[in-house]
Amino acid sequence: MCGIIGYTGDKQSASIILSSLYNLEYRGYDSCGIAVKDLDISVLKDVGKVDEVNTKLNFLSLEGHTGVGHTRWCTHGKVTKENAHPLLSNNHKIAVVHNGIIENYLLLKKRLQKEGFTFYSETDTEVIPNLIEYYARSKSFIDAVQLAVGDLCGQYAILIMSTQYDGLIACRKESPLVLGVGHNEYYVASDIPAFAQYTNNVVYLNDGDILYITNKSYSIYNNNIKQQHPVTTISREIEETGKGDFEHYFIKEVMEQIDAIKRLIFIDQSIISEVAKEIIKAKGTYMVACGTASYACMYGLYLFSKIAHIHVNFCIASEFDNFKHFLTQDSLVIAISQSGETADTLMAIRSAKEKGAKVISITNVEGSTLTRESDYTILQKAGQEICVISTKAYTSQLAILIMIAYEIVGNYKEAVEILKDLIKYLYYLTSESMREYIKLLADKLKDKEHIYLIGRSFQYPTALEAALKIKEVSYIHAEAYAGGELKHGSIAMIEDGSPCIVFVSNETESSIISNAIELKARGAWIIGVGQRNNEVFDYFIKVRELPWLNSICQIIPMQLLAYQLAILRGCDPDKPRNLAKSVTVL
Ligand code: AGP
């Protein structure tokens, strides 16, 4: 998703904006730009990564104490320099950066064109500075902003900078926006990592808020009513020390899974028991999430069924609207989201709250919108996950679900014990020898067009997550099936040489090996993942059977495989094409 950052204060803004853009890169983007205000507004922007554009245009050449910056993940309009943000009004007195979607922009654009305005981009955003310019012809600048924002339909986080206003104005509706409060200086950004190096005093903006920052103070209004939002001092996240000795965040975060799960072992048990009680009490529990987090939910279905003997429902968040009529005030919705900003997941919990259901969230980002809209939150504390591809957050979510399931049956200690065993084993799974073996397998797979993955029971969501890892970072088409589904059509895809990855557990061994034999009979070559090798496997990744933990253990070699495939195929493991770390638009 787009990343936005604004600064106003005593310092030169360009250097602060530039470093914040680097901190926003993990959100995924295709172009970037900066605007700085001195007597006039100067804009430098282009297609490309921050490094490339800065080297070409020299962002630090811009002088001024107020500035805005943007990393663009395109929604409306192609990836071009003209469509990059910041975008200016016709009179060049107003610069805007925006994250979200203006749904009625075409109508507004036509209206402005009739008033003589010219448009130089294909973006929806460009209507915002020109609307403000139009209203400012006859109104005060602040009134012009309010009128312009009132015309907008959609979701937006907007930063407005103008030669007609000494400071910055920010508006938020369903796209994240947070204020950082420094000493005589202010930061406004899509999320806290953008300015965490400068301040950890934050003010969370709510939907409908308009933030006015002048050079020494700020005020927030919502429907013209002054708001008194508290200043929150956030706990210093496990400080992101860059990539350290690692080449990519991807592999760094795979290796950090051990620490992430270790931290969970020391979590306050009352946090877990609070959730367990709600699940027991609820008349219907629904888990909602997107992408990798949705596979964590699927894992949870099997876990609550087999450990806690509780039936829990699951729905991918973008489809939740079709089932929300089943919710009552006795329902419980559990949302899982690494970022806590995924628009589909937020929409799902908002529907749930409209029905009076209780909402519990499991997320990795303190202060995210999801945490602020949930009745209760379990913070994963897995450390900032910078890489667009989720790894440590996923296994951390699985571990939390295990702790909840065991707490439901009053055996929390057992959960802690099995996680301790897991941690010892994770050292093997992420060891140099494992990584070297996975490199060998990756070399055999790197030129394949399709990879098929099958699993049963807990290994079905594992197969789905492994397929997503491979797809999203190496761009190889990978497809996962429940083993029992093969005969219902999918096996038609198998031809001579089709690579298939088969996930095996003690519980499913006989049935999934039968599936592997069916694949083999049609020419497939097979990588087996599990405790015991088998003659049907051409290659075998030994992963010890740990009760309830196979999904954590077996996904790690797959994370390593996806990483190696990306490297061998010349893909950027940290910033895969077309993807964003947090999908904040519907
Ligand atoms: C993870 O590898 C993917 N990039 C993506 O599927 C992600 O899991 C999904 O967008 C949900 O994100 P969230 O956990 O922040 O809600």
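Remember, it's 1-based here, ligands and their atoms both numbered in the order they're listed.
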dist L561:CG -> I556:CD1 (nearest 0.5 Å) comes out at 13.5 Å

Just checking, any donor-acceptor pair under 3.5 angstrom between side chains of T462 and S551? yes

Counting only heavy atoms from other residues, nucleotides and ligands, does the tally under 6.0 Å from CD of E449 exceed 12? no

Charged tip of R577 within 45° of Y475 ring normal and under 6.0 Å: yes

Are the aromatic rings of Y299 and F458 close, with centres under 6.0 Å apart? yes

Using residues 313-323 as the side-chain source, report each donor-acceptor pair under 3.5 Å to any protein atom, sequence neighbours left out, with the distance given to one decimal.
| from | atom 1 | to | atom 2 | distance (Å) |
| --- | --- | --- | --- | --- |
| N313 | ND2 | T285 | O | 3.1 |
| E319 | OE1 | N322 | ND2 | 3.0 |
| D321 | OD1 | K324 | NZ | 3.2 |
| N322 | ND2 | E319 | O | 3.0 |

Which protein residues have a heavy atom under 4.0 Å from ligand 1? C290, G291, T292, A293, S337, Q338, S339, T342, V388, I389, S390, L468, K469, E472

